[in-house]
Amino acid sequence: MDPAMRLETVASLCNLSPEEASLMAKESPLPISQAKSIIENVITTLEIPLGIATNFLINGKDYLIPMAVEESSIVAACSYAAKLARNTGGFSAKATDSLMIGQIQIIGVDDFDQFRKKILSLKDRIMVEANTRSETLRKSGAGAKDLQVREFPNESMVILHLIVDVMDAMGANVVNTMCEHVSRIIEAETGHSTNLRILSNLSDLRIAEAQATFRKEDVGGEAVVNRIMQAYSMSVIDPYRAATHNKGIMNGIDAVLVATMNDWRAIEAGAHSFASRDGYRSLTHYAVNGEGNLTVSIRIPMAVGTVGGATSSIPKARVIRKILGVSNAKEFACVLASVGLAQNFAAVRALASEGIQKGHMTLHSKNIAMSAGARDEEIDEISRLMIKEGNISVSRARTMLGELRKK
Ligand code: MEV
């Protein structure tokens, strides 16, 4: 399909209204007048390709996954892995409640026993006060849930953790507001001053998990399964490999976060700090089951929201969310974990069999043709010729372009 036909298909599958479909077809639907209210010192807007990853079956539901990214082969790799996962029922995924951690730093503490007792005697009041900052959360039975005291005697420092159920929000704003608010009570009641009051991006109480099984015959047979297991061991024992392995996971997750205008830096920070708990290692886990098939799972912090943030202020983002079709933060977290798993499996499978460059360069060949100056139909033609010849490079594309234009 060409992009217009794809959009037509997505619009009909996702019940987009004619207005929504034409907004998606527009090349620059974010007016500068609006962009300048979103960030500071705006001079223009920046376009990035948005593609749809297909074949995703997660907890029995079909999804079309919007992905915005500049790197070729990510959308294809995800769709490919999701297609293989369908053969065994797709992805099963779950997410915890949306518990975020707000940190309050208290400095100059010398009597830790006395301080802890005082804080614990104030705990109920702190909870009640924190919950005055969000009527919506409080009314829904969510909001501040717990207060934990962490002591650092060498630094004369106490770090309080305010645990907040933020439901369908990403939660940064409400958590930061609560922390700033209750710190005034803490200062007044304990006589100690507070310093930082900010959420932690190590959201290890807000975790998404996904699992999928890939049949050995779909993967390339027992030998490839064994090579994949060897590749996986490398990402457990070697942080140099783990970084690249986890980068592959984030290739998928970030692309969905960018498409839906979520804070991908927060998820990156959470993912990598979580991966470093016992020395930096893989966020996915690979195992071979009794039938010799490959079972891949992922556990990853997933502080994402379906309400608030830029999602509501950028018009296209609203339609993109409609295409994705998630109705709450937990469902969204399940989708993101599944996409990360899919992306990682596709990369590791390719690396452990034919190597990554064959598929990647084939898909990247159109970018190369464009870098060499090819336009319109020339792009496909140069790409096709380079793939046929097995020589995919800008210099070869330039030569081919010169010859093509002479004809
Ligand atoms: C490239 O963007 C991502 C990979 O390097 C991931 C990996 O090595 O697992 C292919």
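Excluded from the calculations below are hydrogen atoms, water molecules and symmetry mates; all remaining heavy atoms, backbone and side chain alike, are included. Read the numbers this way: they start at 1 and go in the same order the structure lists the ligands and their atoms.
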For residues Phe56 and Tyr63, establish whether the separation of their ring centroids is below 6.0 Å. no
Top protein contact for atom 6 (C) of ligand 1, by heavy-atom distance: Thr244 O, 3.5 Å
Would you call Lys316 and Leu50 a side-chain contact if the rule is heavy atoms closer than 4.5 Å? no
Counting N and O atoms only, with roles assigned by atom type, does the side chain of Arg215 sit under 3.5 Å from a partner on the main chain of Asn293, one being a donor and the other an acceptor? no
Residues, nucleotides or ligands: over 12 heavy atoms within 6.0 Å of Lys83 NZ: no
Sub-3.5 Å donor-acceptor pair from the side chain of Gln211 to the main-chain atoms of Val296, do we have one? no
Phe152 vs Asn154 side-chain heavy atoms within contact, under 4.5 Å: no
Relative to the heavy atoms of Gly248, which atoms of ligand 1 are at a distance of less than 4.0 Å? 6 (C)
Counting heavy atoms only, which part of Arg349 comes closer than 4.0 Å to ligand 1: side chain, backbone, both or neither? neither
What atoms of ligand 1 come within less than 4.0 Å of a heavy atom belonging to Leu351? 7 (C), 8 (O), 9 (O)
Within the 4.0 Å heavy-atom cut-off, what Asn251 brings close to ligand 1 is side chain
Does Ala352 offer a backbone N or O that forms a donor-acceptor pair with the side chain of Arg227 under 3.5 Å? yes
Number the atoms of ligand 1 from 1 as they appear, then name those within less than 4.0 Å of a heavy atom of Lys247, with their elements. 1 (C), 2 (O)
Considering only non-hydrogen protein atoms, determine which one is nearest to atom 9 (O) of ligand 1 and report residue, atom name and distance to 0.1 Å. Arg241 NH2, 2.8 Å
So which protein heavy atom does atom 10 (C) of ligand 1 come closest to, and at what separation? Ile356 CD1, 3.8 Å
Would Glu71 count as being in polar contact with ligand 1, using the rule that some N or O on each side must be under 3.5 angstrom apart? yes
